[in-house]
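What follows is a set of notes on a single structure, which appears directly below.
Counting from 1, the numbers follow the sequence of the chain as shown.
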Amino acid sequence: MTQMNYTDNVIRVAIIANGKYQSKRVASKLFAVFRDDPDFYLTKKKPDVVISIGGDGMLLSAFHMYENELDSVRFVGIHTGHLGFYTDYRDFEIDKLIENLREDKGDKVSYPILKIVLTLENGRIIKARALNEATIKRIEKTMVADVYINNVRFESFRGDGMSISTPTGSTAYNKSLGGAILHPTIEALQLTEISSLNNLVFRTVGSSLIIPKEEMIEIVPQRTGIYTVSVDNKTYNLKNVVKAQYYIDSEKIHFVSTPSHTSFWERVQDAFIGELDS
């Protein structure tokens, strides 16, 4: 796609949309506006702003597309379905978004993300980042693993698996597991058990744990086999995981700070409580 009158002062914009009709319609409207506007430059390479159109799943995909450029890119979400935690605009607020971007001064709202380092028995090391959460489970049988927090052996876990979430991810799978909701400006991890075995023989703490950003969570499986490891909306089957380490990444995700950037507690209220009776 060719953009005329490109200068260093324009905002480089990438538009990422899911396959739904409404998302495609919104994307087409944005393309039409930005294509002919000298203040914007449409490009998928090294954008300043990534516009995600769809829902939280689409934003997660956009995040992973640009996870190696987090120091130079900001995100903004448009939701075309149910209310999302990462979306500031509805599909009928396109003109408002365009107006806010024209007045943009580079302000941002930043949230912590999760760094994952997996070590396999064959020596292979896998590194990844997560915006919401990462989980580890054993496929064949009960997962047995030693859990270390800041290099201190905390417990021996037996159960289906464990979930490690970011503050923004605390409202996702973590919440369904009974974990706490954390405000996304709190730089901490949350460790939550998945169907742990607790009886006279096996015992774990049973509650989700909030781990500060300076400390690391390490899970050391005690049995060989195939482990299912998820990183946000991606899932991998890995053989013989020796250890899995989780900590707050040095990078953060940055969102465009505009008058439409919704309060986190408003998002929680809208998603789980709804309108309150007066």
Any carboxylate oxygen within less than 4.0 angstrom of a Lys/Arg side-chain nitrogen, looking at D91 and K29? no
CG of D48 to CZ of R74, rounded to nearest 0.5 Å, is 7.5 Å
K175 to F272 six-membered ring, cation-pi geometry met (6.0 Å, 45°): yes
What distance separates H79 NE2 from M58 CE, expressed to the nearest 0.5 Å? 15.5 Å
Taking the six-membered ring for Trp, is the centroid-to-centroid distance between F63 and Y86 below 6.0 Å? no
Residue F92 excluded, over 12 heavy atoms near CZ under 6.0 Å: yes
May I ask you to check whether over 12 heavy atoms, not counting those of R124, lie within 6.0 Å of atom CZ? no
When R153, E218, M162 are each screened for side-chain contact (heavy atoms from CB on, under 4.5 Å) with V147, the one that passes is M162
Charged N-O contact under 4.0 Å between R129 and D249: yes
Hey, what do you get for NE2 (H254) to CZ (F75), rounding to the nearest 0.5 Å? 9.5 Å
Spacing of F154 atom CZ and I217 atom CD1 [to the nearest 0.5 Å]: 10.5 Å
Is the shortest side-chain N to carboxylate O distance from K252 to E187 below 4.0 Å? yes
Tell me whether D37 is salt-bridged to R102, with the criterion being a basic N under 4.0 Å from an acidic carboxylate O. yes
Validation row: I94, V33 side chains within 4.5 angstrom (heavy atoms): no
